[in-house]
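Encoded as structure tokens, the structure appears first; notes follow it.
Proteins get letters first, then strands, A, B, ... in listed order; numbering begins at 1 in each. Owing to the predicted nature of the structure, the values given are computational and were not obtained by experimental measurement. Any value given below was found using the heavy atoms of this structure, including those in side chains, with hydrogens, waters and symmetry copies removed.
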Amino acid sequence: MVGGLSTRLLNICIASVCKTQQLQRAEVLLIDAIRLGVLPNVVTYNTLLDAYCRFVSMDAALAVIHRMREAGISPDVITYNSLVACSTRKRSLSVTLDLFDEMLNLSIHPDRWSYNTLMHCFFRLGKPDEAYKVFQNLVLSELTPGQDTFNILINGLCKNGFVIHGLVLFRNLQRHGVVPDLVTYNLLIDGLCKAGRWKAAKAMLMELLETDENPNAITYTTVVKCCFKVRKYEQGLEIFLRMANQGHTFDGFGYCTAVGGLIKIGKIEEANQWMDRMVKNGIGLDLVSFNTLLNLRCREGRLDAANTVVKELEKCGLEGDAYTHTIIIDGLCRAGDIEGAYRHLDKMKVLGLGSNLAALNCMIDRLFKAGHMGEAMRLFDSMETKDDFTYSSVVHNLCKAGRFHSASKILLSCLRSGTKILRSAQKAVLSGLKESGYRRDAKKLQSKIYMARVLARY
DNA sequence: GTAGGGTTAG
């Protein structure tokens, strides 16, 4: 009895230490406990394993399984659920599937969580059809889908561009008496916003306010992010203040959202104050916060300080991602160091991050702005994949340089392929052609734009 | 002991 209680205590301690990412402390705790005769159980190892999955690596997590077996404890369904989630976060789909098979081979029965996790995995990998198959399997098994399952479905649909399907599912569930929870509302508000359906998002927020659920910090952060997206910066920041007044505390997400918005409108000093507040409140910096800080330093023009941020990030055992490198390239270009930006692009290639579309888009735009049109077009032609950012930027910049016919040609190819391009870029081409005396060409282009818009509705 | 919100380029 006493032993059992001690193990439970040990597990609670380990869980709380793991939460703060202090894995070494967790290990010391475990060694001390064993020395005192308190034996770890499957929960202890699962907690450790999950932390290694989240904060270190898959290999480190697999090493815990090994230790578990040595201690005579068999992994259970929770162990595998953690591993499956981990391999998906790392985007190793084949590992995920192997793990699922391994679990079945070991006669460990998957639970609802396992199916939820696997479904979530497929959605994250951009495979909604596969995710749906998992859902069908879950329904056909002896298990019942829960609110959590539906939330993962709705989220997956939203994130894969099927926000309307998500909304329809939501309404159907409501009709069948499933009461949506706060998570459901938060997911849909975010999904609708990201799809540009502001009115529907606002209606969803109103609907949430009429339920018994109270909006939480996540709801607020989501709504603020929506405001920023439609450039209502002041309104967004006001909502943040209201959130604080209602007793919600900020976490890393809230702070980074606020700082990101402030940087966009050039309120660098205020952004610095929010960043300081974040650190003072003991929020540990993760990769996203480091990226936000890095962006802040670049916008201040303090490239030396930016360099220090990168070093600090690496010191924490983190690795820069696509955002980090794009911010660096943007920072170098803004400071007028085009050569340095090129060197950094090469460095990215060496690191295997050569296909960073955002960084290339950024580079093209900055090359145009620095007057290197030839270089910019060469880079544009050499790119294997391009998106709406690439085209909008090139069309805009060609117009600025008075090359309206070249811009028109690119715009037409976008209309044909269905690539969405900024309205302002389209307008620039039309008015450019008109003003430089090519009224007939402008008229022709105008009708093609109109036709493309009509066709896009079907 | 899952799932939801945050950082880049026009």
Ion pair check, A:Lys267 and A:Glu234, cut-off under 4.0 Å:
yes

Test: A:Lys311 and A:Glu314 ion pair at under 4.0 Å:
no

Please determine, for the side chain of [X], which listed nucleotide ([options]) has the closest atom?
| X | options | result |
| --- | --- | --- |
| A:Ile218 | B:dT7, B:dG4, B:dG6 | B:dG4 |
| A:Asp251 | B:dA9, B:dG5, B:dG4 | B:dG5 |
| A:Lys225 | B:dA9, B:dG6, B:dA3 | B:dG6 |
| A:Val288 | B:dG5, B:dA9, B:dT7 | B:dT7 |
| A:Asp388 | B:dG4, B:dG6, B:dG10 | B:dG10 |
| A:Leu182 | B:dT7, B:dG4, B:dG1 | B:dG4 |

Between [atom2] of [N] and [atom1] of [X], the distance in whole Å:
| X | N | atom1 | atom2 | value |
| --- | --- | --- | --- | --- |
| A:Tyr323 | B:dG6 | OH | C1' | 9 Å |
| A:Ile283 | B:dG5 | CD1 | C1' | 14 Å |
| A:His344 | B:dA9 | NE2 | P | 15 Å |
| A:Leu367 | B:dA9 | CG | C1' | 13 Å |
| A:Lys369 | B:dA9 | NZ | C1' | 10 Å |
| A:Arg8 | B:dG1 | CZ | C1' | 14 Å |
| A:Met278 | B:dT7 | CE | C1' | 10 Å |
| A:Gln426 | B:dG10 | CD | P | 18 Å |

Can you name the salt bridge (charged side-chain N to carboxylate O under 4.0 Å, His left out) partners of A:Glu27, sequence neighbours left out?
A:Arg67

Would A:Trp113 pass as stacked on B:dG1, i.e. its ring centre under 5.5 Å from the base's six-membered ring centre and planes under 30° apart?
no

Minimal non-hydrogen separation, A:Ser74 against A:Met68, with atom names:
O-CE, 4.1 Å

Inter- and intrachain pairs under salt bridge (Lys or Arg N to Asp or Glu O under 4.0 Å), touching residues 325-335 of chain A, at least two apart
A:Asp330-A:Arg334, A:Asp330-A:Arg366

Indicate, with a heavy-atom threshold strictly under 4.0 Å, whether [X] touches base, sugar-phosphate, or nothing.
| X | result |
| --- | --- |
| A:Arg423 | nothing |
| A:Cys362 | sugar-phosphate |
| A:Asn295 | sugar-phosphate |
| A:Ala358 | base |
| A:Asp286 | base |
| A:Asn216 | base |
| A:Thr390 | nothing |
| A:Leu422 | base |
| A:Arg299 | sugar-phosphate |
| A:Asn186 | base |
| A:Asn46 | nothing |
| A:Ala258 | nothing |
| A:Ser392 | base |
| A:Thr292 | sugar-phosphate |

Tell me whether the side-chain N/O atoms of [X] come closer than 4.0 Å to OP1 or OP2 in [N].
| X | N | result |
| --- | --- | --- |
| A:Lys194 | B:dG4 | no |
| A:His325 | B:dA9 | no |
| A:Asn155 | B:dG4 | yes |
| A:Lys159 | B:dA3 | no |

In a check of side chain to side chain donor-acceptor pair (under 3.5 Å) between A:Tyr255 and each of A:Thr221, A:Asn281, A:Thr292, which one passes?
A:Asn281

Between A:Asn272 and A:Arg297, a side-chain donor and acceptor under 3.5 Å
yes

Donor/acceptor link under 3.5 angstrom from A:Thr222 side chain onto base of B:dG6
no

Can the SG atoms of A:Cys86 and A:Cys53 be said to lie under 2.5 Å from each other?
no

